[in-house]
Structures are given as structure tokens and as C-alpha cells.
Asker: 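Before I ask anything, here is the structure I am working with.
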Amino acid sequence: MDIHFTLNGEPVRWEVAPGETLLEALRAHSFYGVKDGCSTGDCGACAVIVDGNPRNSCVMFAFQVQGRTVLTIEGIGNPDKLHPIQQAFLDLGAAQCGYCTPGMIVTAKALLDRVPDPTPDQIREALSSTLCRCTGYVKPAEAVMQAAKVLKGDGHGAKNPR
Ligand code: FES
Ligand code: FES
């Protein structure tokens with residue numbers, strides 16, 4: 001079946017199978033930033049933003065995004081122009097293996113779009129939907145707080161650049 005939707009700001013038309021998940025469709029179209037960690041909706045590595053809300057793409061059928069707006073990590077920033085959340089993760093060393101990092105950043109973006117001045121508890125709650133097997137959540141939470149300051153215009157880069 002054909003689906004039409006907006007992906008990272010561009011209109012796209014894809015042919016997908018009825019049982020194909022959004023995760024499978026995205027990776028089949030080379031959106032490899034969307035990770036497959038569990039395929040069961042438990043780890044958040046496959047998170048994307050659908051109509052402004054973080055969703056685990058492994059538990060959505062691709063056809064469900066017909067007519068909707070999808071944002072993946074590839075649409076948030078790129079190596080030449082990192083999003084402030086990506087820059088903060090980099091500056092604060094908030095990633096180790098990086099497998100969960102796209103999901104964390106996507107989830108953080110959805111939070112900051114909705115709540116520009118989040119409390120530490122709101123950040124921790126948002127990040128708790130992503131399982132990180134390498135590290136804790138202290139540095140990612142600090143990075144999201146730092147990014148929130150930058151996005152509001154009262155931050156001047158990392159607290160602990162390296
Ligand atoms: S791969 Fe989708 S939640 Fe784990
Ligand atoms: S940095 Fe490795 S799983 Fe989170």
C-alpha cells in the first residue's frame with residue numbers, strides 16, 4: 001500500500017507492507033538513526049516524534065502515519081549543524097555506546113517543544129522511557145537541562161566542555 005506523510009519536513013510517498021512497522025519502514029529507507037533495541041515497545045531506542053508526541057516506532061504500523069508528521073533524529077540536526085540537545089549531549093559526555101542516544105534526544109526534543117522550561121523531575125520522567133544499558137541518566141538529564149537553557153537564550157554552551 002502507498003502512504004503519504006511528512007518526514008523530517010519533507011512530503012514523502014512510500015510503499016509499505018500491511019504488517020510493516022514504522023521502525024522497519026524507516027530503516028528500509030536508510031533512516032538508521034532509528035534503532036531497534038527490543039522490537040517490543042520497551043526500550044525507547046526506536047523513538048520518533050509523530051505529530052509532536054514521542055512514539056516507539058517498533059510498535060506502530062507504518063500505515064498509521066498516513067497523513068501525519070514524523071520527525072526522526074535525522075531531522076533534528078546533522079553533523080554540520082547540531083541541535084542544541086545534540087550539542088549538549090556531546091559537550092557533557094552524555095553518551096557512551098550511543099545506541100540509546102537518538103531515542104533519548106528525540107524524546108528530549110518532544111519534551112522541550114512542549115515544556116521549554118522543564119523541571120529536573122520532568123526531564124527524568126521523559127528520559128525514563130529510554131533504557132540505557134551503558135550509563136546512568138545523570139549526564140543525559142544535565143544535557144537536556146543545558147539544552148533548555150540554550151534554547152531559551154540564557155545558556156552559553158556546556159558547563160563542562162571537553
Ligand atoms: S525497539 Fe522499539 S521500544 Fe525498543
Ligand atoms: S549509551 Fe549505550 S545504551 Fe545508552
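Values in this document were obtained by computation on a predicted structure and should not be read as measured data. Start at 1 and go down the list; that is how both ligands and their atoms are numbered.
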Asker: Near Cys38, which atoms of ligand 1 are under 4.0 Å from a heavy atom of that residue?
Answerer: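 Under 4.0 Å from Cys38, ligand 1 has these atoms: 1 (S), 3 (S), 4 (Fe).
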
Asker: Any N/O/S atom from Cys134 (main chain or side chain) under 2.8 Å of atom 2 (Fe) of ligand 2?
Answerer: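 Here the distance criterion (N, O or S atom, under 2.8 Å) is met by Cys134, so yes.
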
Asker: Applying side chain to side chain contact (heavy atoms under 4.5 Å, CB included), run through Phe61 and Glu20 and close with a yes or a no.
Answerer: CA-CA 6 Å; Phe61 291 118; Glu20 189 172 4; over 6 Å; no

Asker: State whether Lys152 and Asp117 are salt-bridged, where the test is any N-O pair (Lys NZ or Arg NE/NH1/NH2 against Asp/Glu carboxylate O) under 4.0 Å.
Answerer: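 A salt bridge is present here (some side-chain N lies under 4.0 Å from a carboxylate O).
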
Asker: Please could you name the atoms of ligand 2 that Gly98 approaches to less than 4.0 Å, counting only its heavy atoms?
Answerer: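 The atoms of ligand 2 under 4.0 Å from a heavy atom of Gly98 are 1 (S), 2 (Fe).
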
Asker: Rounded to the nearest 0.5 Å, what's the gap from CG on Leu23 to OG on Ser39? Could you check?
Answerer: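 OG of Ser39 is found 6.5 Å from CG of Leu23.
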
Asker: Considering only protein heavy atoms, which is closest to atom 3 (S) of ligand 2, and at what distance to one decimal place?
Answerer: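 Protein heavy atom with the smallest distance to atom 3 (S) of ligand 2: Arg133 N, 3.2 Å.
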
Asker: Any N/O/S atom, backbone or side chain, of Cys43 lying under 2.8 Å from atom 4 (Fe) of ligand 1?
Answerer: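 Checking atom 4 (Fe) of ligand 1 against Cys43, an N, O or S atom does fall under 2.8 Å.
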
Asker: With heavy atoms only and a cut-off of under 4.0 Å, state how Ser39 meets ligand 1: side chain, backbone, both or neither.
Answerer: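 For Ser39, only backbone atoms sit under 4.0 Å from ligand 1.
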
Asker: Answer yes or no: does atom CD of Glu125 have more than 12 heavy-atom neighbours from other residues, nucleotides or ligands under 6.0 Å?
Answerer: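 Counting neighbours around CD of Glu125, 12 or fewer heavy atoms of other residues, nucleotides or ligands fall under 6.0 Å, so no.
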
Asker: Fit a plane to each ring of Trp14 and His29, take the angle between them on a 0 to 90° scale, and name the class: parallel (under 30°), tilted (30 to 60°) or perpendicular (over 60°).
Answerer: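 Rings of Trp14 and His29: parallel, under 30°.
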
Asker: Within the stated cut-off of 2.8 Å, is an N/O/S atom of Cys58 closer than that to atom 2 (Fe) of ligand 1?
Answerer: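 For Cys58, the answer is yes, given that an N, O or S atom comes within less than 2.8 Å of atom 2 (Fe) of ligand 1.
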
Asker: For ligand 1, which atoms sit closer than 4.0 Å to a heavy atom of Gly41?
Answerer: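 Those qualifying, in numeric order: 3 (S).
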
Asker: How many angstroms lie between CD1 in Ile85 and OG1 in Thr107, if you round to the nearest 0.5 Å?
Answerer: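 That separation rounds to 9.5 Å.
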
Asker: Find the distance between CD (Gln86) and CD1 (Ile76) and round it off to the nearest 0.5 Å.
Answerer: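 One gets 6.5 Å once the value is rounded to the nearest 0.5 Å.
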
Asker: For Thr119 and Asp121, test the side chains for any donor-to-acceptor distance below 3.5 angstrom and give the result as yes or no.
Answerer: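 Side chains of Thr119 and Asp121: no pair found under 3.5 Å.
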
Asker: Please confirm if an N, O or S atom belonging to Cys132, backbone or side chain, lies less than 2.8 Å from atom 2 (Fe) of ligand 2.
Answerer: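 Checking Cys132: none of its N, O or S atoms is under 2.8 Å.
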
Asker: If the cut-off is 4.0 Å to any non-hydrogen atom of Asn56, which atoms of ligand 1 fall inside it?
Answerer: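 It comes down to these atoms of ligand 1: 3 (S).
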
Asker: I'd like to know if the side chain of Thr69 and the backbone of Asp51 have a donor-acceptor N/O pair within less than 3.5 Å.
Answerer: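 Side chain of Thr69 to backbone of Asp51, a donor-acceptor pair under 3.5 Å: no, none is there.
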
Asker: Just let me know how Asp42 lines up against ligand 1, side chain, backbone, both or neither, with a heavy-atom cut-off below 4.0 Å.
Answerer: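 For Asp42, only backbone atoms sit under 4.0 Å from ligand 1.
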
Asker: Verify the distance test for Cys46 against atom 4 (Fe) of ligand 1: any N/O/S atom under 2.8 Å, yes or no.
Answerer: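 Checking atom 4 (Fe) of ligand 1 against Cys46, no N, O or S atom falls under 2.8 Å.
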
Asker: Which ligand 2 atoms does Cys100 reach within 4.0 Å, using its non-hydrogen atoms?
Answerer: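 So the atoms of ligand 2 that pass are 1 (S), 3 (S), 4 (Fe).
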
